[in-house]
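Scope of the values below: all heavy atoms of this structure, side chains included, with no hydrogens, waters or symmetry mates.
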Amino acid sequence: MNRGEPVVLVTRPGAGFVLTTASQTWTLSRPEDVAEIEAEHRPRWVWWSAAEAAGELVRAGVRLATCWDIAAVHRLQHGGYQADPARVWAALHSLDVRAIPELGPLDLLAPAGDDGGDPENPQRPDGHLRPEWTGGGWSRDEGRAVRWAQLALHVAQAQRERITEPRHLAAAHVESAAELLCVELEAGGLPVDVVAAEALVSGFIGPRPTDAAEALALRARRDNVVLQAAGVNADLRNPAQVKRMLAQLGFDVPDTRSWRLEPFVGAHPVIEELLSWRKAERIATTYGYPWLDANIGLDGRLRGGWTASDGAAGRMTAGAGLHNMPSELRGAVAAEPGKVLVRADLGQIEPRILAAVSGDRALIAATADDDLYAPVAARLKVERPVAKVAVLAAMYGQTSGTAGEALRGMESGYPTAMRYLRTASDEGRAGRAVRTYGGRVVRMWPTPDDADENTARSIAAARGRFARNAMVQGAAAEFFKAWALTVRARTAELGGEIVLCLHDELLVQAPAQHGAAVAAALDDCLAEAAGRWFGPAGQVRFVADTSVINRWSEAKG
DNA sequence: GATTTCACGTA
DNA sequence: CGTACGTGAAATCC
C-alpha cells in the first residue's frame, strides 16, 4: 500500500471494516487498526459516503487525512443533492434514474428477487443495482461487504476517468474531504458555555420556567405587553390577525414583516412593542431553553447535522441553528478551559472570487488593496458606497434601484468580469445548467408548460439571477472549503480543531499556548489555498481578519 | 399527516 | 426585479 493509493473503506455497522485495493482485501475489527494503516500509509480512502464509512471511526477519535467520496463527486458531476449508490451507478452507466428499483413491502417478505438474476450479484440483469443490496443488504456478510467495496473501487475509478480538467480533480478532492470534515463537525460540535447561554436567553425571555404552566404564563405576559399597547385583542402568532390589528390602528401594510414595520417606529407604541416581542418570540421558540436542551450535550458541545454542499451552489449547511444563531447569543460560544478560539473571516470574498474566476485584469488588480472597493470607486469615478452597490448588484443580478448608473460604469471598467456574469445569466435564462470554477454542475429548473408569457419571463429572469449568483457563491464556497481543509491539515499537529464553518468564517479551537501559531497558520493557509486553487500565488489577493479570542462575541481584529 | 405560507435568523 | 440556507407556528391541503 502506498501513500495516496486508493483504498476502499467499507464499514459494516458494528461489525468491523473491509479494506480493498485493486489487488488485495483486508478485514479489520477495531478503529485502531484503521488508524494504524492511516498512520503508516496515509492512503486516499475511497467510500460511498463519508457518514456511512467514516462515522464510526470519527466518533472513535480516528482522524483520516484524505479521501474520495463517491457521493460528493457525483454531486459535483451531476448537480443536485441525491447521490445514493443506486443513483450514482445509474448515472455512470447511463441508466434511467426513474427506473431505479425500490424495495417494496413485498420484497421484504420475499427478498429473493425473481428477476432471473443471482441475488448474490449486486447488479441486476437490467443493469441497476439490487435494492436489497443498496438498502443495507451489502453488509449482511463479509463476502457481500467485500463485493460492495470492490464495486466502490470500480465506481470511483470511473468517476476519476471522467475528469479531464486538473481543477475539477482538485475540486473532487476538496469536496470529498469536506464531507469528512462535516462528519467531524457533527461529531465534535461547537463548544458552548452553558451557563452563559442560559443567562443570555434569560435576558430576552426571563428565567427558565419550572413547568408548563409557568411557561404558558410567561408567554401570556409577553403577549399582554403588546396587546395593552394595541388596545385590541389578537393572536400575535397569527400574521393575518396581526395585519388586521395593525389595520385597525391605521397601519395599512401588505404584510407584517419587521423591515416593513420598522419605518413606523414612533408612530404608535404598539409598533415598537411588537418588534421587541418578535425578537423575544424568536429566542423563545427557536433559540430558547428547549433549543439548548435538545442540542447541547453533557460535554457542552452544540451539535447539528452538516452537509458539505447544498443542492444549489455548493455551500456548506448546518442544522440545529448553527448557521443562523442570533448574533446576540454568540457570547455563549466559548473556548473550553486551557483553550482559545481562533476566528478568521474572509474579507470581500465574493468580488475577489469574481476577479479570480473571470480573470478580469482590472478587478484582479483591485484585489491588491485591503479594501477592494476603493480602487473600484476610483476606476468608476464614484463614491465608495456606490462602487460597492454596483459590484454587488452585478453579482446578484439586481437591475432596479440606485445601482443603475454605476452598473454601466462596471460594464466599461470591468468588461471581462461583467461578460463572465452575463454568460452565466444567459445560460440560466435559457434553462441550461452552468458549471462553477471547480466544475460543479448547477442545474436549472424548467419553465412549466402552462406558464403564460409573463410568468415564463419572470421564471427565466429568476434563473438568470440564480445562475449568475451561483457562479460566484459556488466558487466562493469551493474556495472556502479548500481553505478550511488546508487549515484542517496544517493545524492538526498544533491541536487545532475546526468547530464551525460559516460560509466565509472559520472558528478553530486550539490549546491556548498554540493560539498565535494557529492564527498564523490560518493566514498562511489562505495564501497556500489561493495559490493551489487559482494558480500562481499573488494573482488574486485574499484577505482574512484573524483573531485569537475566548468568546465568539469578542470584537474583531 | 404532509405541504405551504409567513416570519426571521445567518452569510 | 439580489442570492442561498434552516427553523418554527399556523394555515391549508388531502
Side-chain angles (χ1 to χ4, degrees), chain A residues 81 190 204 219 223 234-243 253-262 274-288 290-291 294-295 304-330 333 345-350 353-354 388-404 407 421 424-425 428-429 434 436 440 442 454-455 457-477 480 500-507 552:
Chain A
Y81 186 74
L190 181 69
F204 281 97
R219 193 170 109 138
D223 296 4
D235 178 356
L236 297 175
R237 290 163 192 84
N238 181 331
Q241 287 195 34
V242 173
K243 186 164 179 265
V253 283
D255 60 63
T256 71
R257 290 181 163 87
S258 291
W259 63 268
R260 222 185 265 287
L261 301 182
E262 214 77 61
L274 183 59
L275 289 175
S276 55
W277 179 90
R278 282 258 173 84
K279 191 89 196 158
E281 181 70 4
R282 169 69 36 190
I283 301 279
T285 57
T286 308
Y287 303 104
W291 174 67
N295 298 297
W306 284 81
T307 62
S309 76
D310 64 42
R315 273 185 167 186
M316 296 173 79
T317 60
L322 282 161
H323 271 180
N324 37 10
M325 161 191 322
S327 56
E328 293 91 337
L329 298 185
R330 289 186 175 190
V333 176
D345 74 296
L346 302 179
Q348 304 169 335
I349 179 63
E350 292 193 337
I353 287 288
L354 175 60
K388 181 175 177 177
V389 167
V391 171
L392 295 176
M395 289 188 298
Y396 297 159
Q398 187 187 341
T399 53
S400 65
T402 55
L407 263 177
L421 294 168
S425 175
R429 293 185 77 98
V434 293
T436 62
R440 177 180 301 281
V442 180
N454 276 339
T455 311
R457 198 177 306 127
S458 83
I459 289 174
R463 281 198 305 249
R465 286 192 305 275
F466 175 72
R468 175 189 290 260
N469 183 250
M471 295 299 276
V472 179
Q473 193 186 98
F480 175 84
L500 191 72
C501 295
L502 191 47
H503 307 316
D504 65 355
E505 181 172 0
L506 259 182
L507 214 50
W552 195 14

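- Between the C1' atom of B:dT10 and the CD atom of A:Glu350 lies a distance of 14 Å, rounded to the nearest Å.
- OP1 or OP2 of C:dG8 has not a single side-chain nitrogen or oxygen of A:Arg282 nearer than 4.0 Å.
- The nearest whole Å value for the distance from the CZ atom in A:Arg237 to the P atom in B:dC8 is 14 Å.
- Counting to the nearest Å, the P atom of B:dT10 and the CG atom of A:Asn324 are 8 Å from each other.
- Closest to the side chain of A:Thr317, out of C:dG6, B:dA11, B:dA7, is C:dG6.
- Of the side-chain N and O atoms in A:Thr285, none sit less than 4.0 angstrom from OP1 or OP2 of C:dA9.
- Computed from coordinates, the A:Met325 CE to C:dT7 P distance equals 12 Å when rounded to whole Å.
- Using a 4.0 Å heavy-atom cutoff across all strands shown, A:Ala477 reaches no nucleic acid atom at all.
- Residue side chain A:Arg278 does not reach the base of B:dA7 through any donor-acceptor N/O pair under 3.5 Å, judged by distance alone.
- If you check C:dA11, C:dC5, C:dT3 against the side chain of A:Asn238, the one that comes closest is C:dA11.
- Each of C:dT3, C:dC5, B:dT10 was ranked by its minimum atom distance to the side chain of A:Ser327; first place goes to B:dT10.
- Within the 3.5 Å criterion, the main-chain N or O of A:Asp235 finds a donor-acceptor partner in the side chain of A:Gln241.
- Here C:dG2 presents its C1' atom at 10 Å from CZ of A:Arg468, a figure rounded to the nearest Å.
- Looking at heavy-atom distances under 4.0 Å, A:Ala318 makes contact with sugar-phosphate atoms alone, never a base.
- Between A:Tyr396 atom OH and C:dG2 atom C1' the separation is 8 Å, expressed in whole Å.
- When the P atom is compared between C:dC1 and B:dT5, the two are found 16 Å apart, to the nearest whole Å.
- When side chains are defined from C-beta on, A:Thr285 does not count as touching A:Arg237, because their heavy atoms never get closer than 4.5 Å.
- With a 4.5 Å cut-off on side-chain heavy atoms, A:Arg278 and A:Thr256 count as touching.
- Proximity of A:Arg257 to the phosphate of B:dA7: a side-chain N or O atom is located under 4.0 Å from OP1 or OP2.
- Of the possible donor and acceptor atoms, none in the side chain of A:Thr286 sits under 3.5 Å from a partner among the backbone N and O of A:Ile283.
- Per the geometry, CG belonging to A:Leu502 stands 12 Å off C1' belonging to C:dG6, to the nearest Å.
- No donor-acceptor distance shorter than 3.5 angstrom exists from the side chain of A:Arg465 to the backbone of A:Gly428, with no hydrogens or angles considered.
- Taking side-chain N and O atoms only, A:Lys243 has no distance below 4.0 Å to OP1 or OP2 of B:dC6.
- In this structure, A:Arg315 reaches the bases: a heavy-atom distance under 4.0 Å links it to at least one base atom across the strands shown.
- Within the 3.5 Å criterion, the main-chain N or O of A:Ser327 finds no donor-acceptor partner in the side chain of A:Trp552.
- Which of C:dT7, B:dG9, C:dC5 sits closest to the side chain of A:Thr286 comes down to C:dT7.
- Here B:dA11 presents its C1' atom at 15 Å from CG of A:Leu507, a figure rounded to the nearest Å.
- Backbone-only engagement by A:Arg330 is indicated by non-hydrogen atom pairs under 4.0 Å involving sugar-phosphate atoms exclusively.
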